[in-house]
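All of these numbers come straight from a predicted model, not from anything done at the bench. Throughout, protein chains are lettered first and strands after them, A, B, ... in sequence-line order, and every chain is numbered starting at 1.
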There are 2 protein chains.
Amino acid sequence: MTGSYREDMWWHGRLRCRGYRITAGRDAVLDVLTKSDAHLSAEDIYMRVHRIYPGIGLASVYRTLELLAQMGLVYKFDFGDGRARYELAEGSKKDQHHHHLVCNNCHKVIDYNDFIEEEVELLKKTEKGLSRKYDFQITSHLIQFYGICADCRKQE
Amino acid sequence: MTGSYREDMWWHGRLRCRGYRITAGRDAVLDVLTKSDAHLSAEDIYMRVHRIYPGIGLASVYRTLELLAQMGLVYKFDFGDGRARYELAEGSKKDQHHHHLVCNNCHKVIDYNDFIEEEVELLKKTEKGLSRKYDFQITSHLIQFYGICADCRKQE
DNA sequence: CATAAAATGATAATGATTATCAATAACTTG
DNA sequence: CAAGTTATTGATAATCATTATCATTTTATG
Ligand SMILES: [Mn+2]
Ligand SMILES: [Mn+2]
Ligand SMILES: [Zn+2]
Ligand SMILES: [Zn+2]
């Protein structure tokens, strides 16, 4: 227990080995993402980080999110409400790979990982076929179902 | 042949029965969408419509696209280049149901419908399960693969 | 501590999309 | 067809998420 090694520092290596520096702002953004299981917007994240590290600027939050998305540490989504939403990529913590149900009315988002094994299996196969046919190097996929959530259906 | 019935007017009924009016602008937008197989932005569409019907305003193009997307006659996509992209929904013309490959670098989009049967079959099954479990009425889905296209890989 | 380079915060700028509103066009009814 | 009702439109301003700018501060490294 002497090293006081914090396991929530796993991304330090990832940044360093690409020549990026470890900063308080980046740490704080990752911290917020790690501790939330919601789909936060840049401003959501900015506000939460601000409590921990009031010096941070909104632009840095955007820059950090862009960087992390580029590196594949976070996923960036468009759920149709006019702002980007972010979540930590799996592999970082307990999170399972999952996809989304998106309400067209209230823009609520539901994570699901039912049928995920089958989906991913088919995706793998499809990826392989598409990569060859279109000479396209696939690195990720997006699957979302759209519709009307239970709450919104009640209100009509 | 006396009726001079134009088959590219199939959407008139769809609009009328919902109380919307048939206008030259809406006709022109649908016309452009029908004749293009690209993924056009609102401004792309505006410019093309402008040739046919110079009186149209950009706002009307946006309004029309919003309406048509709402009605399910066109699909609206976000391919990551900062503007929405539109395409006519299938059922309107020869188009087959398809999904997309999106290049993370140049934002090129490739339509594919290989493996579509299997994908759609699994999607149907998944939709059924998810609808029940989450009490969510699914109306559509989105599947995209991301990666680097052949051209972009050559240039590196 | 000195140095070089990366990162930051404050702020202005960008740019796609929306809201506003008076004028016009589409449908309805007689 | 004409008048009346209402949806739609074009022009334009406003919104607002995201980016660019740039002088200043941090980080990493020795
Ligand atoms: Mn999620
Ligand atoms: Mn397409
Ligand atoms: Zn809802
Ligand atoms: Zn490319």
Side-chain angles (χ1 to χ4, degrees), chain A residues 9 11-32 39-71 73-86 107, chain B residues 9 11-32 39-47 49-71 73-74 76-86 107:
Chain A
M9 293 301 183
W11 55 73
H12 285 199
R14 299 274 219 117
L15 288 173
R16 278 233 186 75
C17 73
R18 296 206 196 193
Y20 297 117
R21 296 180 175 174
I22 311 299
T23 70
R26 288 173 178 169
D27 244 11
V29 168
L30 260 320
D31 213 50
V32 163
H39 304 94
L40 303 173
S41 69
E43 190 144 10
D44 290 338
I45 294 166
Y46 168 68
M47 290 186 302
R48 297 191 187 199
V49 167
H50 201 266
R51 292 182 216 138
I52 309 170
Y53 177 56
I56 201 163
L58 178 57
S60 283
V61 173
Y62 272 105
R63 282 185 291 238
T64 298
L65 290 170
E66 184 58 34
L67 175 68
L68 296 175
Q70 206 61 46
M71 294 178 57
L73 297 182
V74 312
Y75 296 139
K76 179 179 182 180
F77 294 101
D78 166 32
F79 293 132
D81 67 341
R83 69 205 62 194
R85 301 272 168 182
Y86 302 84
H107 299 289
Chain B
M9 292 301 182
W11 55 74
H12 285 200
R14 301 274 219 115
L15 288 172
R16 279 235 184 73
C17 73
R18 297 207 195 191
Y20 298 116
R21 296 179 177 176
I22 312 299
T23 70
R26 287 173 179 169
D27 244 10
V29 168
L30 261 320
D31 214 50
V32 164
H39 304 93
L40 302 173
S41 69
E43 191 145 9
D44 290 338
I45 294 167
Y46 168 69
M47 291 187 301
V49 167
H50 202 264
R51 293 181 216 139
I52 309 171
Y53 177 55
I56 201 162
L58 179 56
S60 283
V61 172
Y62 272 105
R63 281 184 292 236
T64 298
L65 291 170
E66 183 58 34
L67 175 68
L68 296 174
Q70 206 62 46
M71 295 178 58
L73 297 183
V74 312
K76 180 179 182 180
F77 293 100
D78 167 33
F79 293 131
D81 66 342
R83 70 203 65 192
R85 300 273 169 180
Y86 302 84
H107 300 289

Q.
I need a per-nucleotide contact map over nucleotides 18-30 of chain C, read 5' to 3'. Cutoff is protein heavy atoms under 4.0 Å; write B for the base, S for backbone only, - otherwise.
A. BBB----BBS---
Side chains of [X] and [Y]: closer than 4.5 Å at any heavy-atom pair?
{"X": "B/L67", "Y": "B/L15", "answer": "yes"}
{"X": "A/R26", "Y": "A/Y20", "answer": "yes"}
{"X": "B/M71", "Y": "B/R14", "answer": "yes"}

Q. Mapping B/G19 and B/Y53 to their closest nucleotides on DNA chain D, which lands nearer the 5' end?
A.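 Nearest nucleotide further toward 5': that of B/G19.
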Report the distance from atom [atom1] of [X] to atom [atom2] of [N], rounded to the nearest whole Å.
{"X": "B/Y46", "N": "C/dG15", "atom1": "OH", "atom2": "P", "value": "17 Å"}
{"X": "B/L65", "N": "D/dT8", "atom1": "CG", "atom2": "C1'", "value": "15 Å"}
{"X": "A/D27", "N": "D/dT26", "atom1": "CG", "atom2": "P", "value": "16 Å"}
{"X": "A/L15", "N": "C/dA7", "atom1": "CG", "atom2": "C1'", "value": "12 Å"}
{"X": "B/D78", "N": "C/dA16", "atom1": "CG", "atom2": "C1'", "value": "12 Å"}
{"X": "A/E43", "N": "D/dA17", "atom1": "CD", "atom2": "P", "value": "6 Å"}
{"X": "A/I45", "N": "D/dA17", "atom1": "CD1", "atom2": "P", "value": "14 Å"}
{"X": "B/R26", "N": "D/dG10", "atom1": "CZ", "atom2": "P", "value": "11 Å"}

Q.
Which residues pass the side chain to side chain contact (heavy atoms under 4.5 Å, CB included) test with B/A59, not counting sequence neighbours?
A. B/R63
Q | Contacts of type side chain to side chain contact (heavy atoms under 4.5 Å, CB included), residue B/E66, not counting sequence neighbours | A |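 B/Q70, B/K76.
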Q) Just to confirm, is there a sub-4.0 Å distance from OP1 or OP2 of D/dT18 to any side-chain nitrogen or oxygen of A/R83? A) no
Identify all side-chain donor-acceptor contacts of residues 46-58 of chain A below 3.5 Å with residues at least two apart in sequence or on another chain.
from, atom 1, to, atom 2, distance (Å)
A/H50, NE2, A/P54, O, 3.1

Q) Who are the side-chain hydrogen bond (donor to acceptor under 3.5 Å, both in side chains) partners of A/S41, not counting sequence neighbours? A)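 For A/S41, the residues satisfying side-chain hydrogen bond (donor to acceptor under 3.5 Å, both in side chains) (neighbours in sequence not counted) are A/D44.
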Q) Base, sugar-phosphate, or nothing: which does B/G25 touch, judged by heavy atoms less than 4.0 Å apart? A) nothing
Q: Five pairs at each end of the helix from C/dC1-D/dG30 to C/dG30-D/dC1: take the axis at both ends and give me the angle between them to 10°.
A: 50°
Q. Where do B/V32 and B/L40 come nearest, in terms of heavy atoms and distance?
A.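 So the minimum-distance heavy-atom pair works out to CG1-CD1, 4.0 Å.
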Q) Angle class for the A/F79/A/F77 ring planes (parallel below 30°, perpendicular above 60°, tilted otherwise)? A)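 It falls in the parallel class, under 30°.
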